[in-house]
Amino acid sequence: MKDVLRPVMRVMVSSELLKHADADIKVFVVSCISELSRITAPEQPYDGLMKKIFQLTVRAFEELSHSGCCYHKAVNVLETVSDVKACTCDAAAP
């Protein structure tokens, strides 16, 4: 499955998307990445990048209002992260 998703996975962590200024785009990117995490669970889809992705998630959520489609998408992201027990742990880290 990971081989099939690899092209999408590469695009989702491109600098253009990870550093996008628009809060809605950030939430959509985080949403896609959380779905990739769900699909590839229990393995993390991005070895060594999960901490950076978590930081993007926090920044994106800080900019959200409490209404609208992005708010609901953010709630879904939190539910997915909880369901797959995603973490920022790097197994290679000391």
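Note that these values count all heavy atoms, side chains included, but never hydrogens, waters or copies made by symmetry.
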**OP:** Keeping to residues at least two apart or across chains, list the salt bridge (Lys or Arg N to Asp or Glu O under 4.0 Å) pairs with something in residues 31-42.
**Re:**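 Listed by first then second residue: Glu35-Arg38.
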Subject >> Which residues share a side chain to side chain contact (heavy atoms under 4.5 Å, CB included) with Ile39, sequence neighbours left out >> reply: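 Partners of Ile39 by the side chain to side chain contact (heavy atoms under 4.5 Å, CB included) criterion, ordered by chain and then number, come out as Met1, Leu5.
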Original post:
Is there a side-chain contact (heavy atoms from CB on, under 4.5 Å) between His20 and Val29 once you walk through the steps?
Top reply: CA-CA 9 Å; His20 204 285; Val29 169; over 6 Å; no
Subject >> Minimum heavy-atom distance Val11-Leu17, with the two atoms named >> reply: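 Reported closest heavy-atom pair: O-CD1, 3.3 Å.
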Original post:
Taking all non-hydrogen atoms of both residues, which atom of Ser31 and which atom of Val77 are closest, and how far apart?
Top reply: CA-CG2, 3.4 Å
Original post:
With hydrophobic residues grouped by side-chain heavy-atom distances under 4.5 Å, do Val13 and Phe28 end up in a single group?
Top reply: no
Subject >> From Thr57 atom OG1 to Gln55 atom CD, the distance as rounded to the nearest 0.5 Å >> reply: 9.5 Å
Original post:
Distance from Lys73 atom NZ to Leu78 atom CG, nearest 0.5 Å?
Top reply: 12.5 Å
**OP:** Determine which pairs satisfy side-chain hydrogen bond (donor to acceptor under 3.5 Å, both in side chains) with at least one residue from residues 3-18, sequence neighbours left out, and list them in order.
**Re:**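 Sorted pair list: Asp3-Arg6.
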Subject >> Donor-acceptor under 3.5 Å (Thr40 side chain, Leu36 main chain) >> reply: yes
Original post:
Do the side chain of Tyr46 and the main chain of Ile33 share a donor and acceptor less than 3.5 angstrom apart?
Top reply: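 No.
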